[in-house]
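The figures that follow rest on heavy atoms only: side chains count, while hydrogens, waters and symmetry mates do not. Sequential numbering from 1 along the given sequence is applied to the chain's residues.
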Amino acid sequence: MYQAIVFLPLLGFLIVGLFGNALGAKASEYITSGFLVIAAVLSWVAFFSVGFGHGEVFTVPVLHWIQSGGLDVSWALRIDTLTVVMLVVVNTVSALVHIYSIGYMHHDPNRPRFFAYLSLFTFAMLMLVTADNLVQMFFGWEGVGLASYLLIGFWYKKPSANAAAIKAFVVNRVGDFGFALGIFGVFVLFGSANLGTIFANAATFIPAEGAPQGAAALTFLGHALDKQAAMTVVCLLLFMGAMGKSAQVPLHTWLPDAMEGPTPVSALIHAATMVTAGVFMLARLSPLFELSHSALTVVTFIGAFTAFFAATVGLVQNDIKRVIAYSTCSQLGYMFVALGVGAYGAAIFHLFTHAFFKALLFLGSGSVIHAVSDEQDMRKMGGLRKLIPTTYWMMVIGTLALTGVGIPVTVIGTAGFFSKDAIIETAFAGHNSVAGLAFVLLVIAAGFTSFYSWRLIFMTFHGEPRASHDVMHHVHESPPVMLVPLFILAAGALFAGIIFHGAFIGEGYAEFWKASLFTLADNHILHEIHELPLWVELSPFIAMLIGLALAWKFYIRSPEMPVDLAARHRGLYAFLLNKWYFDELYDFLFVRPAKRLGSFLWKTGDGTIIDGLGPDGVSARVVDVTNRVVKLQTGYLYHYAFAMLIGVAALVTWMML
């Protein structure tokens, strides 16, 4: 069963990638979508049998892979609760995105290539989440990077799509370099890349307090590090990889630009693949991160700052997909805060619920874009509520889940109410030095999230139409093949929290997660959040209400207020609209110097020095000499007679002397 879950998407990619043009677009769509639906159903079977069963961690061998010296890496699938949770997320969302794409990409002439890329993306993510060793994880890690490049730049004739794909690829290479160094460091410290061996030795790796440290465990940048310092450095390097894939500041700049790909790609990247890879990796390696409180403190701070930063930028964006993209960036920050304070179950629970409502919002926005003739600027929408009512209510459900609507101190609420509020509460209960700051930033971000989410709903669906009469005349509801995936995701956005919160973060926590997460810190944190002051439990709910009220005031009651506010605070508005000028800063610090260096090496180094003194210089001298020699051959008889006389005179003179 597990081999089928992992390799059916690969089979779909190979069949359609190699023979898609011969099979035709329809067959390509049905083959890849059919395989993904089967994989998704099997994933749910695995989820209930492993998560709610009594089995321990086990591996499913695939083949022998690398054997070199002390490195012995086999390709095997590690199956535990964390794995099956990720299988459900990846395959369910990917199957729905495949089905949705049948309608959304209906007019695209390159559908076989698109569906092949989608299946490749899914397979790469499955390779990552089922990895039994760090080398296999890195293989999947790079696979999702490659597939994201192909999908973001799918419309390769658009210069903006090419630029966005390259940007995503390059920024992720920065993070991947750190991840690779982290893997090397783990191998040096533990002598193995296999997760089972690493986890078995992690518990006794750090000497007890007061015990002699012994020899240096690792040399990094010329510094000999003891075991504690070495573990901190290795964890920070691993986290650097997570920052790239999961778009944490300062490696977040690629995520909004990824909107250049087709909307189903955005849903897949933001909900189930790519950006969840970093969160999964930290949760998987939680036994290592628990050995370095310094690294966990950094994770908490970066997550909290990213959640706040992305929420501020989302307040003023006008592209419907970019608003949701910055929302993803912000929600990932929440997940990293939970990881940083040791609440690994809460982080994965939010990843799980977030997949439903974020995929719902992206596919819903795709339905809007489909209805208004590919327009993405919310300033050119409005008044769509009665024209596309099904899409409207699906977007409202996604917004209710994202903003965490529910009744505090009860078990009634949307998916985000359970998972996001749990993270805010764990931040308050956390014991590292920045947990208090993280709590404040997350509550503020919750208010901002509510504001920009309802702003999107009000600007898009309410008020007077701002599109042209021709566009409004052609507004139409999406076909059933696009709406059915929205209904399924809406059910998850509404009920996933109610159904699963007990297992993920409640009384059934230990029985559900078993040995797949580092449970000691989790149990401690989850016990404490049941004894928090009432005002802490109410704070995200109050922030959500404030954000909703402000959005209603600004965009329904007094639509002129945002314009006046932006005019009075031009500097702040420009600062947020330009995303805190991160792109401009990177352009100044890295892009322009790199271009100047490249231009110098090209023009001066290659052109002037190498070519000038080398091939071009030698050929120029040969041509110069031959041009001069050629002038001696004039073709006139008297010139040759004169030369002969000069020669004879010279010869006679030489003989006389």
Legend entry - Minimum side-chain heavy-atom gap Met125-Met274 below 4.5 Å: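 SC-SC contact between Met125 and Met274 ruled out.
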
Within the side chain of [X], is there an N or O that forms a donor-acceptor pair under 3.5 Å with the backbone of [Y]?
X	Y	answer
Lys321	Met259	yes
His501	Gly497	yes
Ser286	Ala283	yes
Ser330	Ser327	no
Lys514	Gly53	yes
Ser246	Met243	no
Ser119	Ala116	no

Inset, instruction - Report the C-alpha distance between Phe123 and Phe13 in whole Å, list the side-chain angles of each, state the deciding distance to 0.1 Å, and finish with yes or no for ring-ring contact (aromatic ring centres under 6.0 Å, His included). - result: CA-CA 9 Å; Phe123 168 69; Phe13 161 69; 8.4 Å; no

Set of residues satisfying side-chain contact (heavy atoms from CB on, under 4.5 Å) with respect to [X], sequence neighbours excluded:
X	value
Phe220	Leu225, Val233, Leu237
Ala242	Phe239, Met281, Leu282, Phe336
Ile38	Leu8, Leu42
Gln3	Phe7, Val60

Using 0.5 Å steps for rounding, measure from the [atom1] atom of [X] to the [atom2] atom of [Y].
X	Y	atom1	atom2	value
Thr81	Phe52	OG1	CZ	9.0 Å
Leu36	Leu118	CG	CG	8.5 Å
Lys358	Ile269	NZ	CD1	13.0 Å
Leu255	Ile152	CG	CD1	8.5 Å

Inset, instruction - For the pair Glu142 and Arg173, find out whether any cationic side-chain nitrogen is under 4.0 Å from an anionic carboxylate oxygen. - result: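 A salt bridge links Glu142 with Arg173.
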
Inset, instruction - Could you tell me whether His270 and Phe362 have their ring centroids closer than 6.0 angstrom? - result: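 Close enough - the centres of the two rings lie under 6.0 Å apart.
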
Inset, instruction - Step through it carefully: locate the ring centre of Phe582, locate the ring centre of His252, and say whether they are under 6.0 Å apart. - result: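 For Phe582 and His252, the ring centres are under 6.0 Å apart.
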
Examine the side chains of [X] and [Y] and answer whether a donor and an acceptor come within less than 3.5 Å of each other.
X	Y	value
Thr253	Lys167	no
Glu290	Tyr344	yes
His98	Thr122	no

For [X], what residues pass the ring pair (Phe, Tyr, Trp, His ring centres under 6.0 Å) criterion, not counting sequence neighbours?
X	answer
Tyr2	Phe58
Phe500	Phe47, Phe352
Phe121	none

Inset, instruction - Please collect all side chain to side chain donor-acceptor pair (under 3.5 Å) contacts where either partner lies in residues 185-198, sequence neighbours excluded, each pair once. - result: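 The answer is none; no pair qualifies.
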
Inset, instruction - Please list all pairs passing the side chain to side chain donor-acceptor pair (under 3.5 Å) test where one or both residues lie in residues 38-49, with sequence neighbours left out. - result: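 Checked against side chain to side chain donor-acceptor pair (under 3.5 Å) - neighbours excluded - the pairs reaching residues 38-49 are Ser43-Asn91, Trp44-Thr92.
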
Inset, instruction - Would you please test Phe280 and Leu82 for side-chain contact (heavy atoms from CB on, under 4.5 Å) and show each step? - result: CA-CA 8 Å; Phe280 164 80; Leu82 180 58; 3.8 Å; yes

Inset, instruction - Take Phe504 and Tyr509, measure what ring-ring contact (aromatic ring centres under 6.0 Å, His included) needs, and give me the verdict at the end. - result: CA-CA 5 Å; Phe504 277 81; Tyr509 172 86; 9.4 Å; no

Inset, instruction - Any pair with a residue in residues 166-187 that passes ring-ring contact (aromatic ring centres under 6.0 Å, His included), sequence neighbours left out, goes on the list, sorted by first then second residue, please. - result: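 Every pair satisfying ring-ring contact (aromatic ring centres under 6.0 Å, His included) with a residue in residues 166-187: Phe138-Phe179, Trp141-Phe179, Tyr149-Phe169.
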
Legend entry - Audit row: Leu285, Ile198, side-chain contact (heavy atoms from CB on, under 4.5 Å) steps and yes/no: CA-CA 9 Å; Leu285 300 180; Ile198 293 167; 5.9 Å; no

Sequence neighbours excluded and cut-off under 3.5 Å, please list the side-chain donor-acceptor pairs for residues 300-310, or say none.
residue	atom	partner	partner atom	Å
Thr300	OG1	Leu296	O	2.8
Thr300	OG1	Gly340	O	3.4
Thr300	OG1	Asn432	ND2	2.9
Thr306	OG1	Gln248	OE1	3.4
Thr306	OG1	Val249	N	3.1
Thr306	OG1	Ile302	O	2.7

Indicate every side-chain donor-acceptor pair of residues 66-75 with a distance under 3.5 Å to a residue at least two apart or in another chain.
none

